[in-house]
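Below is one structure; the comments refer to it alone.
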Amino acid sequence: MPELPEVQAHVERLSRPADEDGFAGSVLSKFTPITFTALKTATPPPSDAVGTPLERVDRRGKFLLLRFGEITFVVHLMQGGRLVPDEKQSAKPRNGIARWSFDDGRALLLTEAGKERKAGVWVVSGDALGQPPLDGLGVDADSVTVDALTSALRAKGTRLNTFLRDQHGIAGVGRMLANEICHRARLSPFASTNKLTDDQIAELHRSIVECIAAALAFERGLDRMSKSAERPGAVHHRKGEACPVCGDTVKAVEYNAYEVDYCPTCQTGGKVLADNTTSKFLK
Ligand SMILES: [Zn+2]
């Protein structure tokens, strides 16, 4: 799944003017939902933005915000979504979810690979940040302060990895960043958020900043959004490989849809984690 750094680098690409292959300044001529589930809102109608130039593309959490004056299209890519220039503009584009057509003859296509159809578009008028689906998000992970992070952590008694992925505590972190942040901070992914010390929280904050900065630097070097397997990391999806810090073998707690990867020596005092909430995963 694209996370904060991938979405951030992509909104920067899209916000460039047309002569730099971006879309800022291009005037919307039509919005076309391609699947039945593409459009998540009934009002205002997307046609309210027709005739208006795209001012810029912003990001909030993992959402992209296409700003057309009063109207904002809020886009969530979910697992396999991409928002890409639509070169062919075919009637039935492969994996197509929705299309924005512009007066200059170009178009942007929202695609979603895989069988799940969860990516979607919300059309909102006025203050987009104060309305669904953005209004319940926590502070963006790239701008959270130590104090705000401390409050958010202590307000919940949950596992650290779960907290990081939950968009209501801080926003923008997904599975990969959560694994990498816990590793860099030398904290167990199962540490209780309300039992972390001030020193541990300071280390966690530093780790969040550094992991996002590194991922963003990588992503800004590309001319399109990376695939998850391309992204550099220490532990994420590296079960069985050597930890680049200490050489111990990276371990994983596996769930149906994802895995929590960690280094026992760096993060858990050598302890191997088992998920005690789902006993079938105990080994
Ligand atoms: Zn290690």
Side-chain angles (χ1 to χ4, degrees), residues 1-12 59-64 77 79 137-153 156 158-193 196-222 225-239 241-248 250-253 258-268 273:
M1 172 187 278
E3 303 179 30
L4 187 158
E6 294 80 43
V7 175
Q8 178 62 35
H10 198 56
V11 304
E12 291 169 7
R59 179 193 57 76
R60 175 79 172 96
K62 298 182 217 169
F63 292 87
L64 300 96
L77 302 174
Q79 286 299 323
L137 293 176
V139 183
D140 265 291
D142 62 341
S143 56
V144 69
T145 63
V146 175
D147 284 349
L149 180 63
T150 303
S151 303
L153 286 162
K156 301 196 181 193
T158 183
R159 288 170 171 172
L160 179 55
N161 192 280
T162 306
F163 168 87
L164 291 169
R165 287 184 290 106
D166 174 10
Q167 303 302 300
H168 301 97
I170 57 172
V173 173
R175 295 165 187 173
M176 177 167 189
L177 271 178
N179 284 331
E180 296 297 331
I181 287 167
C182 289
H183 177 259
R184 190 179 285 245
R186 305 179 70 88
L187 290 169
S188 169
F190 286 2
S192 293
T193 57
L196 295 175
T197 65
D198 288 347
D199 284 350
Q200 287 175 322
I201 293 174
E203 193 65 12
L204 178 65
H205 184 267
R206 183 187 61 80
S207 175
I208 291 170
V209 171
E210 290 180 3
C211 284
I212 290 175
L216 191 51
F218 171 79
E219 198 71 18
R220 280 176 174 152
L222 305 177
M225 194 177 269
S226 65
K227 296 189 179 79
S228 55
E230 297 176 277
R231 294 168 201 157
V235 292
H236 184 68
H237 285 177
R238 292 176 190 276
K239 182 180 68 168
E241 296 180 26
C243 167
V245 174
C246 73
D248 192 4
V250 173
K251 294 272 194 292
V253 183
Y258 69 102
E259 59 188 55
V260 172
D261 304 302
Y262 67 100
C263 168
T265 296
C266 289
Q267 296 176 255
T268 60
L273 299 174

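Nothing here was measured: the structure is a model prediction, and the numbers come from that model. The first residue of the sequence shown is numbered 1, and numbering continues consecutively from there.
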Exercise. Which residues satisfy the salt bridge (charged side-chain N to carboxylate O under 4.0 Å, His left out) test with Arg206, sequence neighbours excluded?
Worked result: Glu203, Glu210
Exercise. For Tyr258, which residues count as a ring pair (Phe, Tyr, Trp, His ring centres under 6.0 Å) partner, sequence neighbours excluded?
Worked result: Tyr255
Problem set entry | Student check: side-chain heavy atoms of Val245 and Cys263 closer than 4.5 Å | no
Problem set entry | Any residue meeting side chain to side chain contact (heavy atoms under 4.5 Å, CB included) with Ser151, in chain and number order, not counting sequence neighbours | none
Exercise. Which pair of non-hydrogen atoms, one from Ser226 and one from Arg231, has the smallest distance, and what is that distance?
Worked result: OG-NE, 2.7 Å
Exercise. Checking Thr193 side chain against Thr158 main chain: does a donor-acceptor pair fall under 3.5 Å?
Worked result: yes
Problem set entry | Passing option when Gln200 is tested against Thr197, Asp198, Leu204 for side chain to side chain contact (heavy atoms under 4.5 Å, CB included) | Thr197
For this session: Check side-chain hydrogen bond (donor to acceptor under 3.5 Å, both in side chains) between Glu12 and all other residues, then give those that pass, not counting sequence neighbours.
Result: Gln8, Arg220
Exercise. Can you name the residues that form a side-chain hydrogen bond (donor to acceptor under 3.5 Å, both in side chains) with Thr265, not counting sequence neighbours?
Worked result: Asp248
Problem set entry | Side-chain donor/acceptor of Gln167 to backbone N/O of Gly138, under 3.5 Å | no
Exercise. Rounded to the nearest 0.5 Å, how far does CG of Leu137 lie from CZ of Arg60?
Worked result: 5.0 Å
Exercise. Is there a donor-acceptor pair under 3.5 Å between the side chain of Arg238 and the backbone N or O of Gly233?
Worked result: yes
Problem set entry | Point-to-point distance, once rounded to the nearest 0.5 Å, from SG of Cys211 to CG of Leu4 | 12.0 Å
Problem set entry | Spatial distance of atom CD (Gln267) from atom CZ (Arg186) [nearest 0.5 Å] | 8.5 Å
Seminar exercise, completed: Nearest heavy-atom approach of Leu273 to Pro189 is CD1-CG, 3.7 Å
For this session: With Tyr262 as reference, evaluate Val235, Val250, Val253 under the side chain to side chain contact (heavy atoms under 4.5 Å, CB included) test and give the passing residue.
Result: Val253
For this session: Give the minimum heavy-atom separation between Phe163 and Gly169, together with the two atoms involved.
Result: CE1-CA, 3.9 Å
Exercise. Which residues pass the side-chain hydrogen bond (donor to acceptor under 3.5 Å, both in side chains) test with Glu6, sequence neighbours left out?
Worked result: none
Exercise. Quick one: side-chain hydrogen bond (donor to acceptor under 3.5 Å, both in side chains) partners of His183, sequence neighbours excluded?
Worked result: none
For this session: Go through the structure and list residues passing salt bridge (charged side-chain N to carboxylate O under 4.0 Å, His left out) with Asp147, not counting sequence neighbours.
Result: none
Exercise. Between SG of Cys182 and CG of Leu160, what distance do you get to the nearest 0.5 Å?
Worked result: 4.0 Å
For this session: Applying salt bridge (charged side-chain N to carboxylate O under 4.0 Å, His left out), name anything that partners Asp142, two or more places apart in sequence or on another chain.
Result: Arg59
Exercise. Do the side chains of His237 and Asp261 get nearer than 4.5 Å, heavy atoms only?
Worked result: yes
For this session: Would you sort out whether Met225 and Leu77 count as a side-chain contact (heavy atoms from CB on, under 4.5 Å), showing the intermediate values?
Result: CA-CA 12 Å; Met225 194 177 269; Leu77 302 174; 3.8 Å; yes
Seminar exercise, completed: Sorted by chain and number, sequence neighbours left out, side chain to side chain contact (heavy atoms under 4.5 Å, CB included) with Val144 holds for Val139, Ala148, Leu149, Ile170, His205
Seminar exercise, completed: Note: Ala252 and Lys239 closest approach over all heavy atoms is CB-CD, 3.5 Å
Exercise. Could you give all pairs that pass the salt bridge (Lys or Arg N to Asp or Glu O under 4.0 Å) test and reach residues 161-181, with sequence neighbours left out?
Worked result: Lys156-Asp166
Exercise. Between Glu3 (side chain) and Leu177 (backbone), is there a donor-acceptor pair under 3.5 Å?
Worked result: yes
For this session: With the side chain counted from C-beta on, respond yes when Asn161 and Asn179 share a heavy-atom pair under 4.5 Å apart, and no when they do not.
Result: yes
For this session: State whether the side chain of Ser207 and the backbone N or O of Ile181 hold a donor-acceptor pair below 3.5 Å, judged by distance alone.
Result: yes
